[in-house]
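Accompanying notes for the structure given below.
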2 protein chains.
Amino acid sequence: MDQVDRKLLSLLKNDAKIKYAELGQEVHLSAPAVHERIKKLEKNEIVQGYTIVTNPKKLGLPLCAFISVTLSNITLCKDAVLHIEKMKEVEECFSTAGEESLFLKIRTRDTDALEQLLVRLRSIKGVEKTLTRIVLTTHFERTALGE
Amino acid sequence: MDQVDRKLLSLLKNDAKIKYAELGQEVHLSAPAVHERIKKLEKNEIVQGYTIVTNPKKLGLPLCAFISVTLSNITLCKDAVLHIEKMKEVEECFSTAGEESLFLKIRTRDTDALEQLLVRLRSIKGVEKTLTRIVLTTHFERTALGE
DNA sequence: TTAATATTCCGAATGGTGTTCGGATATTTA
DNA sequence: TAAATATCCGAACACCATTCGGAATATTAA
């Protein structure tokens, strides 16, 4: 992992369809050299995969929210996560420090769908309460990169 | 946007490097037909782009946290966002309902770097206080798709 | 219902790009 | 210093995205 690899990652983050020849120009290497470096990044699981970025609004999921879920007992966490994992509206799920709680990022069609989701969440064993933070404006959502 | 398009999006989310011929097999269409559909999805900005998924830990950013930033005055929001946008540690930035506040997802190298980030945040005009939720476990982070 | 238009699809051909390979150069290890 | 390893390049190859013409289907208009 040197400066060249970091540059390659940055360029690929921005557009994974960029040609190897163009990558080569950017880092002053040939296409095969770029190829070899990227394969190594994949092998080392620094690059975990390739994906598309979709527009949630155009897919009918304009509502975004963060929900903190308070659990009565931390030992119920693993089981709760299994239930939550099945809920397609939940995009991300974390355990956070501070309270014994889970923290979710979700997307739904509308507030009705959000309410239904909350009902389902509260029906999970060990879930004591939920606190919802509805997103009004997404200022930016960039993909993590240390550069 | 029909069922076939949704299937294509799902497959591309999972692996954007999948061959058009293979996509065709999955949805019982030819490669050119798949090509045409994907180009249309891109034109309609349903597919916004192609990117790589990187491993934050292997990139030296193992610490993830959510920070809620309370502003003294909602009119200072736009200005604060401009400052926050320059902070490379901040991955996502939202305005949320409830309090007059911003909500951030961040990644840093360690707690020292987190503390430095908090100091910088508090030095922004209008920032009254911050509340940090450190992520202990990432149960899952999947990419949003209504399927 | 018929006609006209637009959309979606396929097979075949093509052009471009990822990938492989051998060998040269540089870097690291012993 | 010598051996081993890693990195690189140009050239050739193989594969896949893309283009194209035309057929089939669906949609709209008359």
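Because the structure is a prediction, the values reported are computed rather than measured. Throughout, a chain's letter reflects where its sequence line sits, starting with A, and its residues are numbered from 1.
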Specify the separation, in whole Å, of atom [atom1] of [X] and atom [atom2] of [N].
X	N	atom1	atom2	value
B/D2	D/dT25	CG	C1'	14 Å
A/K17	D/dA17	NZ	P	8 Å
A/M1	D/dT7	CE	P	13 Å
A/Q25	D/dC9	CD	C1'	15 Å
B/L23	D/dT18	CG	C1'	15 Å
B/E36	C/dG11	CD	P	14 Å
A/I38	C/dT20	CD1	P	13 Å

>> With a sphere of 6.0 Å drawn around NZ of B/K39, does it hold more than 12 non-hydrogen atoms of other residues, nucleotides or ligands?
In response: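 Buried by this count: over 12 neighbours within 6.0 Å.
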> Do other residues, nucleotides or ligands put more than 12 heavy atoms under 6.0 Å from the CD atom of B/Q48?
Replying inline: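 Yes, CD of B/Q48 has more than 12 neighbouring heavy atoms, counting only those of other groups under 6.0 Å.
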Counting only side-chain nitrogens and oxygens, does [X] get under 4.0 Å of the OP1 or OP2 atom of [N]?
X	N	value
A/H35	C/dT19	yes
B/R37	C/dC9	yes
B/K39	D/dA17	no

>> Pick the closest DNA chain D nucleotide for A/K19 and for A/L29 by heavy atoms, then say which residue is nearer the 5' end.
In response: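 Its nearest nucleotide lies further toward 5', so the answer is A/L29.
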Which of these nucleotides, [options], is closest to any side-chain atom of [X]?
X	options	answer
A/P32	D/dG10, D/dT18, C/dC10	D/dG10
A/S30	D/dG10, C/dG18, C/dC10	D/dG10
B/K40	C/dG18, D/dC9, C/dT8	C/dT8
B/Y20	D/dG10, D/dT18, D/dT7	D/dT18

> What class does the angle between the rings of A/H35 and A/Y20 fall in, given that below 30° is parallel, 30 to 60° is tilted and above 60° is perpendicular?
Replying inline: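 Aromatic pair A/H35/A/Y20 classed tilted.
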> Starting at the 5' end of DNA chain C and moving along, which residue's nearest nucleotide shows up first, B/V4 or A/I18?
Replying inline: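 Taking each residue's closest nucleotide, the earlier one in sequence belongs to B/V4.
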>> Donor-acceptor pair, distance only, cut-off 3.5 Å: does the side chain of A/T138 make one with the backbone of A/F140?
In response: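 Absent.
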>> Looking at every heavy atom in both A/K13 and B/I52, which two are closest together, and how far apart are they?
In response: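 Closest approach of A/K13 to B/I52, heavy atoms only: NZ-O, 3.1 Å.
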